[in-house]
Amino acid sequence: MTKRTARATARANIALAKYWGKSDVALNLPAVPSISLTLDGLVTTTTVTFDEALAADVLELDGRPASAKETARATELLDRVRASMKAPSFARVVSANRFPTAAGLASSASGFAAMAGAAVHAAGLSWSDAKLSALARWSSASAGRSIFGGFSKLPAGVPGDAKLAAKPLFGEDHWDVRIVVAEAAKGPKKVGSTEGMERSRLTSPLYDAWVEKARAITAVIEKALKKKDLDTLGAAMEQSTFAFHACAMSASPSILYWQPTTIAALRTVEALREKGTSAWATMDAGPHVKVLCHAADAAKVKRALAKTEGVLATMVCKPGAGLQVK
Ligand code: ADP
């Protein structure tokens, strides 16, 4: 009986230019380009062991057996790796999302990036970062970006392009910025991202406008990132956020991810700016507010958010590294 094993770590990321909408549901291709920042501290560690003795894939997540649905998502990724193996077998996957509990941050991004790295390595394959990114992206678009540290970009996908991968833009040392996370509510979101995106595409009168505008916004963000121009980048990031949320809100039935605390935190960010601090907000498909600022302002931003009515917890994240395989 042969066993082949590998361990990998990856970190979650936050989109500065948001991803919302798919151009190809089967291949999980995004309809819009996105740019993200991989974050330190939000680490997933995953060990994959291909084992001939197993009769099915087994996934252990955060110390418990994963649900059937979670295991099926892992099997989909593993099947794509097994297709390139000479002697494929089932695998045991042991994964832990070592996030501070108050994060409200995407676990699928770091989770599938780490799984892709560990599975490909355990299979004895030497795949390029682009190929690893395409594999992770198929399971979760944001996971394709977490292969890379610092700032990375996932282009919009042309339907049918199974190889679509993210690419690195700038490493984690490019720019000393921070993301301050304000947790605005407990509990899972009511409408998952995949369902929300499809409902937006099929029913929102703003969907086409969002897709059209997202390209221009992403171009502004990429340029501002290169120049380290926080105010230009921040304004474009806020427009990207509000445009995609408007698209979701105007779907039928409407999807509203915000809570009263979300608005309160947005007002705090506005007030910080009025007093001269360059702080800019973004939200994903959920109620939490994530604020981009210079490293030197992070403590001040954190204090202001922590004092905001309803905010449950705050956390400061700095740029982090990409996939690491052992
Ligand atoms: P999130 O906003 O946390 O990314 P999603 O609902 O998009 O939430 O993704 C959560 C799903 O991602 C889980 O149900 C599971 O299927 C998968 N997932 C998350 N973390 C891991 C992990 N470490 N290993 C394998 N799968 C994971």
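Atoms within each ligand, like the ligands themselves, are counted from 1 in listed order.
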Side chain, backbone, both or neither: which applies to [X] and ligand 1 if a contact is any heavy-atom pair less than 4.0 Å apart?
| X | value |
| --- | --- |
| Leu61 | side chain |
| Met115 | side chain |
| Glu70 | both |

Does the plane of the ring in Phe244 sit parallel, tilted or perpendicular to the ring in Trp210? Use 30° and 60° as the thresholds.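 Rings of Phe244 and Trp210: tilted, as their planes differ by 30° to 60°.
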Specify whether Trp175 and His294 have parallel, tilted or perpendicular ring planes, treating 30° as the upper limit for parallel and 60° as the lower limit for perpendicular.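 The arrangement is perpendicular - the two ring planes meet at more than 60°.
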Who's closest to atom 3 (O) of ligand 1 heavy-atom-wise, of Ala118, Ser107, Ser95?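 Of the listed residues, Ser107 has the closest heavy atom.
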Kindly state if atom 16 (O) of ligand 1 has a protein heavy atom within a strict 4.0 Å cut-off, that is, under 4.0 Å?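 At least one protein heavy atom is under 4.0 Å away.
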We want to know whether [X] and [Y] form a side-chain donor-acceptor pair, criterion being a heavy-atom distance below 3.5 angstrom.
| X | Y | answer |
| --- | --- | --- |
| Ser152 | Lys167 | no |
| Ser36 | Arg145 | yes |
| Thr282 | Trp280 | no |
| Thr9 | Gln324 | yes |

Is there any N or O on Thr46 that sits under 3.5 Å from an N or O of ligand 1?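 Such a contact does not occur with ligand 1.
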Test your reading of the structure: does Asn97 have an N or O sitting under 3.5 Å from an N or O of ligand 1?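 There is such a contact, yes.
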Which residue holds the protein heavy atom closest to atom 11 (C) of ligand 1, what is that atom called, and what is the gap in Å?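 Looking only at protein heavy atoms, the one closest to atom 11 (C) of ligand 1 is Arg73 NH1, 3.6 Å.
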Atom 5 (P) of ligand 1 [closest protein heavy-atom partner, distance rounded to 0.1 Å]: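 The protein heavy atom lying closest is Ser108 OG, 4.1 Å.
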Looking at Glu270, I'd like to know if its CD atom is crowded, meaning that more than 12 non-hydrogen atoms belonging to other residues, nucleotides or ligands lie closer than 6.0 Å.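 Check passes, neighbour count above 12.
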For ligand 1, which atoms sit closer than 4.0 Å to a heavy atom of [X]?
| X | value |
| --- | --- |
| Gly111 | 21 (C), 22 (C), 23 (N) |
| Phe112 | 12 (O), 17 (C) |
| Thr44 | 23 (N) |
| Ala106 | 1 (P), 2 (O), 3 (O), 4 (O) |

Ser254 side chain to Ser250 main-chain N or O, any donor-acceptor pair under 3.5 Å?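 No; zero donor-acceptor contacts below 3.5 Å.
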Say you draw a straight line from CG of Leu154 to OG of Ser34; how long is it, rounded to the nearest 0.5 Å?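 Leu154 atom CG to Ser34 atom OG measures 4.5 Å (nearest 0.5 Å).
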